[in-house]
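Worksheet for the structure shown next.
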There are 2 protein chains.
Amino acid sequence: MPLLIVDDDEAILQLVSIHLEQAGYNVKKASNAEAALAFLQQHPFDLAIIDVMMPGMNGFQLANIVTKQYEIPVILLTAKGQIEDKERGFGQGIDDYIVKPFETKELLFRVNAILRRYRKIHQAQSVVGNVKMDKDTWELSIGEKQFIWPMKELEILLYLLQRTGRNVSRWDLIDEIWGETLEQPEFTLNTHINRIRERLKRAEATIEIVTIRGFGYRLEVKR
Amino acid sequence: MPLLIVDDDEAILQLVSIHLEQAGYNVKKASNAEAALAFLQQHPFDLAIIDVMMPGMNGFQLANIVTKQYEIPVILLTAKGQIEDKERGFGQGIDDYIVKPFETKELLFRVNAILRRYRKIHQAQSVVGNVKMDKDTWELSIGEKQFIWPMKELEILLYLLQRTGRNVSRWDLIDEIWGETLEQPEFTLNTHINRIRERLKRAEATIEIVTIRGFGYRLEVKR
DNA sequence: TTTGATTTATAAACTCTATATAAATTCAAA
DNA sequence: TTTGAATTTATATAGAGTTTATAAATCAAA
């Protein structure tokens with residue numbers, strides 16, 4: 001899960017990212033607000049950790065943009081003296097504060113907590129392996145990249161994603177995706193499955209569609 | 001966003017205005033109440049920061065006029081000994097006090113907070129790539145140049161800007177921009193998108209509108 | 001009269017489906 | 001166990017149909 005951490009202090013950047021990466025997160029580092037915004041424009045993140053005190057645009061301003069525009073939770077890092085900042089940030093979309101100096105364990109704990117909470121709310125996503133798909137907007141990301149695929153292929157992939165690890169019959173799939181109206185449903189489905197496989201391979205997805213001969217398909221996580 | 005700061009102390013005037021300008025505000029300076037009133041008559045302001053202790057008309061009197069007559073929020077700057085002044089001002093439209101000496105950062109926080117409260121919009125600008133748009137004034141700049149575009153196109157662009165990197169359905173867009181009343185919404189939207197693209201290209205914007213066939217559009221930063 | 005918004009008309013692009021052909025698997029018979 | 005026909009699935013390609021883009025015309029408002 002991609003996180004963004006923004007701090008002008010290189011040491012903290014390193015320290016924090018090492019620990020978060022160890023915990024399985026994908027961490028991008030920015031040493032100022034401008035760099036952070038650039039990252040945000042390129043990739044989707046699930047959470048941002050932002051230092052309040054920075055040269056140029058400060059953490060509060062950045063946090064505001066992040067919460068409003070990108071709608072992801074934010075954790076602010078604030079120095080000891082500025083605890084009153086808390087009041088100013090809460091209720092503005094800031095999800096948590098951590099006062100420097102802090103234990104990395106504590107940070108990790110909070111990150112986990114927030115993401116857990118947040119994911120419950122935003123459960124419009126199907127995630128399997130390194131493939132993530134948003135049911136509402138059809139946004140598809142594989143690894144860090146976002147992809148634009150033809151609709152039919154997205155529909156089929158979603159159907160399979162939602163049944164990962166289970167056998168899905170050809171006819172269930174055909175019924176679900178097409179209803180009745182298809183003259184040569186068998187071959188048409190073949191074609192689509194074939195194309196999806198190609199794309200998954202090209203995108204280096206960690207999932208694959210396995211053929212269940214005589215029955216249908218099954219989506220699995222590669223290992 | 002235009003702010004007015006009134007103080008007889010030239011040093012403070014300078015210090016504060018530099019910081020506020022850095023934060024993206026448009027700051028006008030007045031060194032006494034008379035000059036301040038002259039400014040207020042000429043230009044609309046969104047907030048005034050006023051020193052209590054001034055030669056001639058004092059800060060309280062000025063603040064009263066400002067809040068009553070121009071109906072904008074006021075922050076009073078008060079020296080350490082005069083904290084009892086607080087009682088005098090609150091309930092009169094004074095929104096906040098700051099005691100000298102103060103951190104410019106603190107002032108900035110309060111300014112942001114108050115403006116937010118007042119106009120509910122706080123991040124009045126959308127910035128993506130080299131495109132910047134002010135939601136209040138519809139000012140649009142691409143690179144260094146400013147542009148005047150037709151309203152409909154600005155509305156659509158803003159909607160997309162605020163959802164950069166996300167897929168936006170045609171119908172969300174149409175609903176948002178037009179509501180219901182449109183006979184051929186599909187084609188109308190096409191036309192507008194087309195024009196926006198032309199203009200973005202001519203202005204050498206670093207963003208582009210990508211088509212999500214069968215769904216809608218998505219605004220992205222070019223690379 | 002000029003500018004912006006919408007509609008209409010036409011062109012272009014892309015998806016989907018169908019078809020053709022190849023490859024793989026199954027199964028039965030030798 | 002091997003072989004080969006039958007069956008199922010994979011892959012490649014092309015045409016039909018749909019969606020979107022573009023250009024031009026009309027309408028409305030300033």
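A note on names: the letters A, B, ... follow the listed sequences, proteins ahead of strands, and every chain is numbered from 1. These numbers were taken from a predicted model, which means no experiment stands behind them.
A donor and an acceptor atom, one from each side chain of B:R199 and B:N194, are nowhere located under 3.5 Å apart.
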Item checked: Sequence-aligned protein contact record of nucleotides 7-14 of chain D, with B where the base is within under 4.0 Å of a protein heavy atom and S where only the sugar-phosphate is -> -BBBBBBB
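Remark: A:R163 is positioned above the aromatic ring of A:Y159, its terminal NZ or CZ atom under 6.0 angstrom from the ring centre and at most 45 degrees off the axis.
Rounded to whole Å, the distance from CD on B:E208 to P on D:dA21 is 13 Å. Whole-Å rounding puts the B:I196 CD1 to C:dT6 P distance at 12 Å.
In this structure, the side chain of A:N64 engages the main chain of A:F60 through a donor-acceptor pair within 3.5 Å. Counting only distance, with no hydrogens or angles, the side chain of A:R197 and the backbone of A:I209 share a donor-acceptor pair below 3.5 Å. Side chain of A:D8 to backbone of A:M54: no donor-acceptor contact under 3.5 angstrom is found.
Residue A:T188 has no polar side-chain atom (N or O) positioned under 4.0 Å from OP1 or OP2 of C:dC16. Contact annotation: A:W178 reaches the phosphate of C:dT17 (side-chain N/O to OP1 or OP2, under 4.0 Å). Contact check, B:H192 against C:dT6: a side-chain N or O comes under 4.0 Å of OP1 or OP2.
Rounded to the nearest 0.5 Å, atoms CG (B:L160) and OH (B:Y217) are 9.5 Å apart. Between the NZ atom in B:K132 and the CG atom in B:N130 there is a gap of 11.0 Å [rounded to 0.5 Å].
Near-neighbour residues of DNA chain C inside residues 150-163 of chain B, defined by a heavy atom below 4.0 Å, number-ordered: B:P150, B:M151, B:K152.
Between A:R202 and A:E204 no salt bridge is recorded (no basic side-chain N to carboxylate O distance below 4.0 Å).
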